[in-house]
Amino acid sequence: MPIVVVVGGQWGDEGKGRIVDLLARKARVVARYSAGNNAGHTIVNDQGEFKLHVVPAGILYPDKTCVIGNGVAVDPEVLLGEIDGLQSKGVDTSRLVLSDRAQVIMPWHCELDRLDELARGDKAIGTTGKGVGPCFVDKVARRGIRVADLLRAEDLQPRVEAALAYHNKVITAVYGGEPLDADRCCAAYLEFGKRLAPFVGDVQDIVLTAHRRGDYVLLEGAQGSLLDLDHGTYPYVTSSVPSSSSSGAGLGVGIGPTDIQRVVGVFKSYCTRVGNGPFPTELFDDTATMLRDHGKEDGRGEYGTTTGRPRRIGWLDAVAARYSVRFNGLSAVALTRLDVLDNVPTIKICTAYDLDGETVETLPARQSVLERVKPIYEELPGWQTQTTEVRNFDDLPRQAQAFIRRVEQLIECPVDVISVGPSREQAIIVNPIF
Ligand code: GDP
Ligand code: IMO
Ligand code: MG
């Protein structure tokens, strides 16, 4: 049975949690493979609304094994808080497994995230401030602390001392900040280790055993491909690999590229971005306000799940989307928030960029160029009818069908799932993914 990866196709918050929740019905294992609690995945079902930051979306089903892979950066305090929160809502968390190889977000990572951003001034990236970037820097610098280290003082103490010997110099000498105390860090993190110990297990074995037994496995991406360290709008990106390239999904749970059969990209019917960085189709007018505040009265407007920041809004950028389809090797697209366009009289799709009079059909690598390009739009008539109750493609208004068909053409990938609302059942399955 296939291993299916679900990735964000744009700049994050496309509705990955919602789509994983939908697809997880048939899966045995759901695994997070990258990023940390910079992610915020919203799931709405008959038990209520859940905002997950580290725990995989499958946890809301009673029978799925949910794993946090080695590729994830884990803040133990956040994870334990999330587990407590789920338990207090009656969710069984005993099926959660945490890789002993996952990197740990330590107090100096959060402090460095804050200090790095302050030092960047008006060039700040607009990070979520959760310490995820500095944690991945330590991983690459081979200075990181892993979940396995939290389980024994003799493993943790020397690694914390070594890391702080370096970071305290940076914090004090470079930034003029306060040094952190190694003993206090160790004591606190050994306590976290004790509480996390029952969840620690062999993630690779769980994923591969399920796969070989013929069970479906879902790999839940975080962030969006345009925030990808390699392929995204660098340097305004995150510090990990949200895309499905073998360096992302497979690596993050310990499997090879040949084990992955399908990659589903989640795209909004328009675009959003939080944090700074180029966004060619960004809107600053009444349409942006209308799209941002759709559902705001129910707490469902375009405001960050993790930080509460208003999301920047723009029309669907087919140039960036096609690029994302290509480098992710997408086999299908799940198009979300179609219903948010229900009242829009004219819908625009960016089909190319204008760069000083020249037409550009690929995403420029240079930040200064990407900041300068002007979107070339195609206009389509809106449908101006409610789609939230529609469950079959043929029952969608003619204009909505035409919009989706045009998106497929432009981004070179079939739209197999259409989401017309945040709840589990508000979906149109054009072609089953499983
Ligand atoms: P993620 O980070 O990709 O999981 O996305 P977020 O949860 O941060 O943001 C997506 C938001 O859109 C959440 O509030 C979802 O409940 C909501 N959502 C997902 N799909 C739909 C949809 O088709 N229609 C509407 N109206 N809301 C949706
Ligand atoms: P989900 O999984 C949207 C953005 C931040 C910032 C940049 C770097 O919910 O889609 P970081 O804290 O990662 O160093 O910040 O990446 N970012 C996200 N934007 N959704 C996310 O996750 C994001 N995770 C990080 O806003 O621009
Ligand atoms: Mg989100």
Side-chain angles (χ1 to χ4, degrees), residues 4-24 30-43 51-54 56-57 69 71-73 127-128 132 218-234 236-245 247-249 252 260 262-275 277 279 281 302 304-307 311-314 316-318 320-338 340 363 407 411 413 415-419 422 433:
V4 176
V5 187
V6 176
V7 295
Q10 296 155 320
W11 282 283
D13 304 323
E14 300 89 347
K16 295 172 293 295
R18 183 258 182 280
I19 295 297
V20 169
D21 176 68
L22 177 74
L23 301 179
V30 183
R32 269 282 305 269
Y33 63 81
S34 74
N37 55 298
N38 44 356
H41 296 176
T42 315
I43 294 145
K51 291 183 184 297
L52 300 174
H53 299 284
V54 202
V72 179
T127 71
T128 59
V132 177
L218 260 184
L219 303 189
E220 175 181 349
Q223 284 115 35
S225 299
L226 300 173
L227 291 169
D228 191 273
L229 190 53
D230 271 69
H231 302 290
T233 48
Y234 194 89
Y236 292 93
V237 293
T238 192
S239 300
S240 60
V241 181
S243 72
S244 71
S245 55
S247 56
I260 293 173
R262 274 178 227 162
V263 187
V264 180
V266 186
F267 291 74
K268 270 181 198 172
S269 305
Y270 48 98
C271 274
T272 62
R273 176 165 197 167
V274 274
F279 185 0
T281 63
E302 290 286 13
T305 311
T306 301
T307 58
R311 292 175 182 150
R312 300 158 65 192
I313 309 276
L316 185 77
D317 183 338
R322 185 168 56 236
Y323 170 63
S324 174
V325 165
R326 288 177 181 174
F327 72 74
N328 274 301
L330 295 188
S331 22
V333 160
L335 193 68
T336 63
R337 295 181 72 97
L338 186 74
V340 176
L363 198 79
V407 170
I411 71 174
C413 193
V415 172
D416 281 359
V417 177
I418 301 157
S419 175
I433 304 283

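This chain uses plain numbering: 1 for the first residue, then up along the sequence.
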### Non-neighbouring partners of Leu229 that pass side-chain contact (heavy atoms from CB on, under 4.5 Å), sequence neighbours left out
Tyr234, Val237

### Task
Would you confirm whether Arg18, through its side chain, and Thr42, through its main-chain N or O, come within 3.5 Å as a donor-acceptor pair?
no

### Query
Among all residues two or more places apart in sequence or in another chain, which pass the side-chain contact (heavy atoms from CB on, under 4.5 Å) test with Ala318?
Ile349, Leu410, Ile411

### Task
Quick one: list whatever passes side chain to side chain donor-acceptor pair (under 3.5 Å) with Ser225, sequence neighbours left out.
Asn328

### Query
Got a sec, which residues hit ring-ring contact (aromatic ring centres under 6.0 Å, His included) with Phe279, two or more places apart in sequence or on another chain?
Trp11

### Task
Any chance you could measure Cys271, atom SG, to Glu14, atom CD, to the nearest 0.5 Å?
9.0 Å

#### Entry: Inter- and intrachain pairs under salt bridge (charged side-chain N to carboxylate O under 4.0 Å, His left out), touching residues 30-40, at least two apart
none

### Task
For Val30 and Ala57, work out which heavy atoms get closest and say how close.
CG1-N, 4.5 Å

### Query
Between atom CG of Leu335 and atom OG of Ser269, what is the distance when rounded to the nearest 0.5 Å?
3.5 Å

### Message
Could you tell me if the side chain of Val6 sits less than 4.5 Å from the side chain of Leu23, heavy atoms only?
### Response
yes

### Query
How long is the span from the CG atom in Leu52 to the OG1 atom in Thr305, to the nearest 0.5 Å?
10.5 Å

### Task
Using modelled atom types only, decide if a donor and an acceptor are shared between the side chain of Ser34 and the backbone of Val72 within a distance under 3.5 Å.
no

### Task
Please check if the side chain of Asp21 supplies one atom and the backbone of Ile19 the other of a donor-acceptor pair under 3.5 Å.
no

#### Entry: Minimal non-hydrogen separation, Pro242 against Ala222, with atom names
CB-O, 3.1 Å

#### Entry: side chain to side chain donor-acceptor pair (under 3.5 Å) against Ser240, all qualifying residues, sequence neighbours excluded
none

### Partner residues of Ala31 under the side-chain contact (heavy atoms from CB on, under 4.5 Å) criterion, sequence neighbours left out
Val67, Leu219, Val253

### Message
Using the side-chain contact (heavy atoms from CB on, under 4.5 Å) criterion, which residues pair with Lys268? Sequence neighbours excluded.
### Response
Gln10, Asp13, Tyr270, Thr272, Glu302, Arg311, Thr336, Arg337

### Task
May I ask you to decide if Val263's main-chain N or O and Ser331's side chain share a donor-acceptor pair within less than 3.5 Å?
yes

### Side-chain heavy atoms of Asp416 within contact of Val264, under 4.5 Å
no

### Query
What's the verdict on side-chain contact (heavy atoms from CB on, under 4.5 Å) for Thr306 and Asn38, showing C-alpha distance, side-chain angles and the deciding distance?
CA-CA 7 Å; Thr306 301; Asn38 44 356; 5.6 Å; no

### Summary
For Glu220, the salt bridge (Lys or Arg N to Asp or Glu O under 4.0 Å) test, sequence neighbours excluded, returns none

### Query
How many angstroms lie between CG in Leu330 and OG in Ser324, if you round to the nearest 0.5 Å?
6.0 Å

### Query
Are any non-hydrogen side-chain atoms of Tyr33 and Val5 less than 4.5 angstrom apart?
yes

### Task
Indicate yes or no for a side-chain donor-acceptor contact from His53 to the backbone of Ala39 under 3.5 Å, with no hydrogens or angles considered.
yes

### Query
Where is the tightest heavy-atom contact between Arg273 and Tyr236, given as atom of each residue plus distance?
NH2-O, 2.7 Å

#### Entry: Side-chain heavy-atom pair Val7, Val266 within 4.5 angstrom cut-off
no

### Task
Keeping the roles fixed (side chain from Lys16, backbone from Gln223), state whether a donor-acceptor pair exists under 3.5 Å.
yes

### Summary
In short, Val325 meets Cys413 closest at the heavy-atom pair CG1-CB, 3.8 Å

### Task
Name all residues meeting the side chain to side chain donor-acceptor pair (under 3.5 Å) criterion together with Asp317; count only those two or more places apart in sequence or in a different chain, and write none if there are none.
Tyr353

